[in-house]
Every structure is written in structure tokens, then in C-alpha cells.
2 protein chains.
Amino acid sequence: MLDDLVLPADGGAPALAAVLARAILSGQLPAGSDFPREKDLCDRFAVSRNRVRNALASLAATGLVERTAGRGSRVREITGWHLLDPLMSDWLTGLARPDPRLVREIYAFRLSAEPQVAELAALAADGRDLARLEAAFAGMRDTAGTGMHQQHAEHDVAFHDAVYQASHNLVWRQMGHLLRPSIIALIQHSQHQAASLEDSLERHRRVMEAIRLRQPQAARRAARAVLERTATDLGLIPTPTSHTEGHPA
Amino acid sequence: MLDDLVLPADGGAPALAAVLARAILSGQLPAGSDFPREKDLCDRFAVSRNRVRNALASLAATGLVERTAGRGSRVREITGWHLLDPLMSDWLTGLARPDPRLVREIYAFRLSAEPQVAELAALAADGRDLARLEAAFAGMRDTAGTGMHQQHAEHDVAFHDAVYQASHNLVWRQMGHLLRPSIIALIQHSQHQAASLEDSLERHRRVMEAIRLRQPQAARRAARAVLERTATDLGLIPTPTSHTEGHPA
DNA sequence: ATAGTAGTTAATGTCAGACATTTTGCAAGG
DNA sequence: CCTTGCAAAATGTCTGACATTAACTACTAT
């Protein structure tokens with residue numbers, strides 16, 4: 001079941017948790033199925049029961065598995081996973097083939113949330129927020145089209161995270177964690193054409209400018225435009241920009 | 001430091017974590033201060049080091065404390081707390097006097113997020129979602145003005161949670177956890193006038209109707225109206241309904 | 001006198017083994 | 001057929017020892 005998994009040289013408790021979590025996140029283990037017993041995991045990875053228990057505790061804390069005394073551990077439904085837990089973001093990041101449902105769901109969330117966040121950012125951003133935005137944008141610009149995909153993605157993450165930070169709300173700020181796996185997935189699945197990159201950069205610039213000039217509505221529209229660009233790069237169907245939706249009776 | 005805390009009769013590991021967490025969440029321990037050592041906690045609560053370590057692991061997982069080998073545990077800044085962790089919601093619920101910053105921040109988040117969620121719900125709700133909404137609304141109606149504040153609050157939570165569920169998005173659904181502490185706080189701090197209750201009920205009904213009739217914009221406005229009602233009940237400054245915000249140049 | 005370094009102390013992290021508790025399945029008996 | 005009781009298997013807990021890390025201290029060399 002977990003035969004082809006390898007524990008990194010480090011081998012610490014978090015490393016073991018990451019290995020086990022990715023086995024679930026990549027969809028290898030169906031929901032509702034039994035997770036291996038503690039003893040088997042001890043043998044399989046040659047670690048103490050203590051480490052195994054700590055790793056399993058993390059998996060339970062993030063809702064990936066459900067543990068009950070005397071019964072064992074079971075893989076939980078995807079609806080029970082705590083996608084907003086920072087641990088989950090770490091595990092999802094660098095996952096070769098994440099469950100496609102997760103990519104879609106996270107993107108759909110960002111599409112509905114980030115315009116609002118950008119609007120708040122335009123109302124609340126201070127000097128340091130703008131400095132972060134500018135630094136991230138400069139990084140994106142300088143790494144565009146140079147083959148430094150990894151660095152470009154990191155600056156991309158930093159840019160969007162700066163927007164969440166600029167909202168100056170404790171809850172929105174937590175959600176910056178979702179960005180890394182979402183943006184990394186974008187790199188893996190799309191080969192950023194040069195023209196696409198140029199266009200994406202320009203859309204990011206407009207978000208930054210709207211926030212700097214304290215124009216909430218412009219920031220909202222610009223953030224939406226960035227995400228529509230992302231949708232096409234991800235191969236998702238771009239929504240038809242239904243801005244002028246009629247007010248119902 | 002933790003002298004007046006009592007461990008419930010149950011005394012399980014989660015109970016200990018809850019006691020310690022609430023000591024932090026209520027603001028008794030300043031950010032950056034040293035958290036008691038494991039040994040001291042063992043003596044103070046007369047439990048094994050194992051339980052203490054499990055409890056502390058939960059506190060670390062939710063970002064309440066930061067642990068480092070050889071150094072000890074420190075209380076983290078409020079900005080590091082994982083407010084979206086279900087454990088956090090449990091701990092916040094039933095807390096007599098939560099940190100007022102948290103109440104404000106969570107309310108501000110809901111004000112900016114729930115209209116969007118309601119809009120999504122109006123687009124995606126199915127039969128079961130509507131059934132949940134109706135059941136929760138009926139519960140609210142039947143417990144209004146009867147002195148059954150606790151039950152009314154539970155139905156209130158169920159109503160808003162049903163809206164998040166109806167969005168049919170994995171990420172938004174997670175955030176239903178924020179509702180319970182937010183709504184419980186509302187009960188503690190306001191003595192729901194009869195007129196206020198009637199008004200609140202009517203505003204909830206409009207949200208439900210808009211979702212049922214698949215009117216996204218109406219749902220958005222109705223959700224906002226509910227939260228503005230909540231703001232006045234909480235004693236927060238109601239925002240001046242800036243709907244017709246001019247589009248900046 | 002100061003910078004660097006080795007040793008000491010104190011805290012968390014890990015290991016190993018035994019025992020407690022809960023769940024499940026089976027099997028005998030009503 | 002249902003119930004009761006027992007046994008097996010899994011997770012939960014306790015205990016004591018040791019490992020590892022970080023901060024402090026005293027000492028030494030420049």
C-alpha cells in the first residue's frame with residue numbers, strides 16, 4: 001500500500017507525517033479505507049512507535065484520517081480535510097500530482113475571494129504593505145522569461161500573500177497559506193508562454209497600482225482579471241465575466 | 001500564572017489542551033511570554049508528562065505557542081494564531097470573555113466574506129441545502145423570544161453554516177467553523193431586544209428566500225443586511241452601507 | 001579587557017516497554 | 001434469534017531513561 005514511499009534522510013517526525021499525508025493527498029488511498037496500523041508503520045519505516053504516533057496525530061489534526069481506540073485509523077472524505085491548515089499547505093506544495101479536485105476547489109475559492117481581499121487591501125494598505133507588493137512585483141518582473149520558474153513562482157506567491165496581508169484582517173491573512181500550493185500547481189501544469197507571462201505581469205501591476213492609489217473597486221476588478229488569466233493558464237474554463245448581472249425582482 | 005484553572009472531571013488530553021488554550025485566548029498570558037515548562041504543568045494538573053506533551057502539541061499546532069528544544073515554550077503573537085482551525089473554534093466557543101480583538105476581526109471577516117458566500121450559495125444550492133436552511137430558520141423562529149437563548153444561537157449557527165455549505169466549495173465550507181464562536185459571542189454581549197430579534201429573523205428569511213429563488217445579487221445584499229443587524233447588536237459601529245461607491249478613475 | 005571556547009545546566013525530543021481502555025468479532029447459552 | 005460474555009486487536013496512557021538542543025558560565029588566549 002505504501003511500498004514505494006521513502007522516508008527522507010532527515011527522517012524527523014514531521015518528515016514522516018509529510019510522507020504519509022502525501023500518500024493520501026495524491027489520491028492513492030480511497031476515502032473510508034483503513035490506514036495502516038501503528039505497528040505496521042513502525043516496521044515499514046523502521047521508526048519508533050512514538051514518531052509514528054506523532055505523525056498520525058498530525059494527520060488526524062488536519063482531518064486527513066480519523067482515529068478511534070480499538071478500531072484503527074481510517075482515511076476521511078475530502079470534505080473533512082482542513083485545507084486551511086498551514087501543515088496542509090506544506091504537504092500540498094511540491095506534490096507532483098495533487099488531487100485535481102483540490103486544484104479546482106482552491107482556484108474557485110480564490111476567484112470568489114481575492115477580489116474582495118484586494119478591495120480591502122486598497123482600503124487598508126500601509127507603507128510596508130506597498131513595499132512588499134513592489135518587492136514581489138519587481139521579483140516577478142526580473143525573473144520573467146529567464147527560465148527561473150521556481151523563483152518566479154515564489155515571487156508570485158509573495159505578491160498575492162502581500163495582498164492578503166494588506167487586508168489587515170487576521171482571518172484573511174491566514175488564507176495566504178493556500179497560495180503556495182495553488183501557484184505551484186500552476187507552474188507544474190502550464191508552460192507559461194512568453195506572451196502569457198507578459199500579460200500576467202501587466203495584470204498584477206494593475207492590482208498593485210489600484211491598491212497604491214486606494215481605489216477599491218479598481219483593485220477588485222484587477223484581482224479578478226489576474227485570476228481569469230490564471231484560469232486560462234491552468235486550463236480551466238474561464239468564467240464569462242458576468243459583471244452586469246441583472247438585479248432580480 | 002495558571003493558579004485558578006481547573007481541569008474538568010473528564011481530564012482527557014483534549015480537555016487539558018482546552019484549559020491551557022483558553023488561558024491564552026482570554027488574554028491572560030501576554031504574547032512573547034514564557035509558557036510554563038512541561039514539568040510544572042505535570043505537577044500543577046497532576047497528569048503525566050505524556051498528556052501534557054499531547055496538549056502542548058495541540059497548542060503548537062494551532063499556533064498558540066511556539067516550542068523549541070532546550071529553550072521552552074513561548075506564547076505567540078495573535079497574528080500567528082490559526083483562527084480557522086476547528087480546535088480553535090471549540091476553544092473559543094464558551095469562552096466567557098474572548099479577546100475583543102478576535103471578536104472584531106472575525107466579525108470584519110464575516111462582513112466582507114458572507115455576502116460573497118451567499119451569492120455562491122444562490123448559484124449552487126440544492127434540495128438538501130435548502131432543507132437545512134429551512135430547518136435552521138424554523139428553529140430560529142420557534143425559539144425567538146422564548147428565553148431559549150442557547151437553542152436559538154445553535155439554530156443561528158446552523159443557518160449560517162448551511163449557507164457556507166450551500167456554496168459547495170471545499171474551502172468556504174471549512175470556514176463555517178468560525179461561526180460558532182462569533183455567534184456565541186453575540187449572545188454573551190447583547191441582550192437581544194424583542195424588536196431586534198424580530199428584525200434579525202426577517203433578514204435571515206430574506207437570505208433564505210434569495211437562495212431558494214437563485215437570486216445571487218439579492219442573496220448578497222440580504223447577507224450584508226443580516227451582518228449589519230449583527231453589528232448593531234454587538235455594539236460595533238455599523239458601516240454606512242456604502243453600496244453606491246463611485247468607480248475611481 | 002575582550003573575544004572565543006569548552007563545559008554545565010535545563011529544557012524539549014525520542015526511545016522502549018508495560019499496562020489501560022475501547023472496539024470488534026466470536027461463541028456459547030438462554 | 002437474541003443476548004451475554006469472553007478474547008483478540010487496536011489505540012491511548014503511564015513510566016523511566018536517554019538524546020538533543022539552547023542558553024549560561026567560567027576560563028583562556030590574544
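Order of the sequence lines fixes the chain letters, A, B, ..., with proteins taken first and strands second; residue numbering starts at 1 for each chain.
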How long is the line joining CZ of A:R67 and P of C:dT24, in whole Å?
16 Å
Whole-Å distance, B:K39 NZ to C:dT9 P, equals 18 Å
Can a donor-acceptor pair under 3.5 Å be found between the side-chain atoms of A:R49 and the base atoms of D:dG12?
yes
Nearest-Å distance, CG (A:D34) to C1' (D:dA9)?
13 Å
Would you kindly give the CD-to-P distance between B:E38 and D:dA22, to the nearest whole Å?
16 Å
Residue mapping more 5' on DNA chain C - nearest nucleotide basis, A:N54 or A:T68
A:N54
Side chain of B:R51 (C-beta onward), nearest among D:dG12, C:dT12, D:dT13:
D:dT13
Could you please spell out the steps behind the side-chain hydrogen bond (donor to acceptor under 3.5 Å, both in side chains) verdict for A:R173 and B:T79?
CA-CA 8 Å; A:R173 278 184 171 177; B:T79 54; 5.6 Å; no
Please state whether the rings of A:H160 and A:H204 are parallel, tilted or perpendicular, taking 30° and 60° as the class boundaries.
perpendicular
Just do the side-chain hydrogen bond (donor to acceptor under 3.5 Å, both in side chains) check on A:H168 and A:D129 with the steps written out, would you?
CA-CA 9 Å; A:H168 284 221; A:D129 295 317; 2.6 Å; yes
Tell me: CZ of B:R53 to P of D:dT20, nearest whole Å?
15 Å
To the side chain of B:N50, which of C:dG13, D:dT15, D:dT11 is closest?
D:dT15
Rounded distance (Å) that lies between atom P of C:dA11 and atom CZ of B:R74:
14 Å
Taking atom P of C:dA11 as reference, at what distance in whole Å does atom CD of B:E66 sit?
18 Å
I'd like to know if B:R67 pairs up with B:E38 as an ion pair, taking the criterion as any Lys NZ or Arg NE/NH1/NH2 lying under 4.0 Å from an Asp or Glu carboxylate oxygen.
yes
Examine D:dA10: is either OP1 or OP2 under 4.0 Å from a nitrogen or oxygen in the side chain of A:R71? Give yes or no.
no
Proximal nucleotide (of C:dA11, D:dT15, C:dT12) relative to the B:S73 side chain:
C:dT12
A:R37 has its side chain closest, among C:dC15, D:dA10, D:dT13, to D:dA10
In whole angstroms, the gap separating C1' of D:dC14 from CZ of B:F45 amounts to 19 Å
Quick one: pull up CG in B:L92 and CG in B:L83 and give me the separation to the nearest 0.5 Å.
7.5 Å
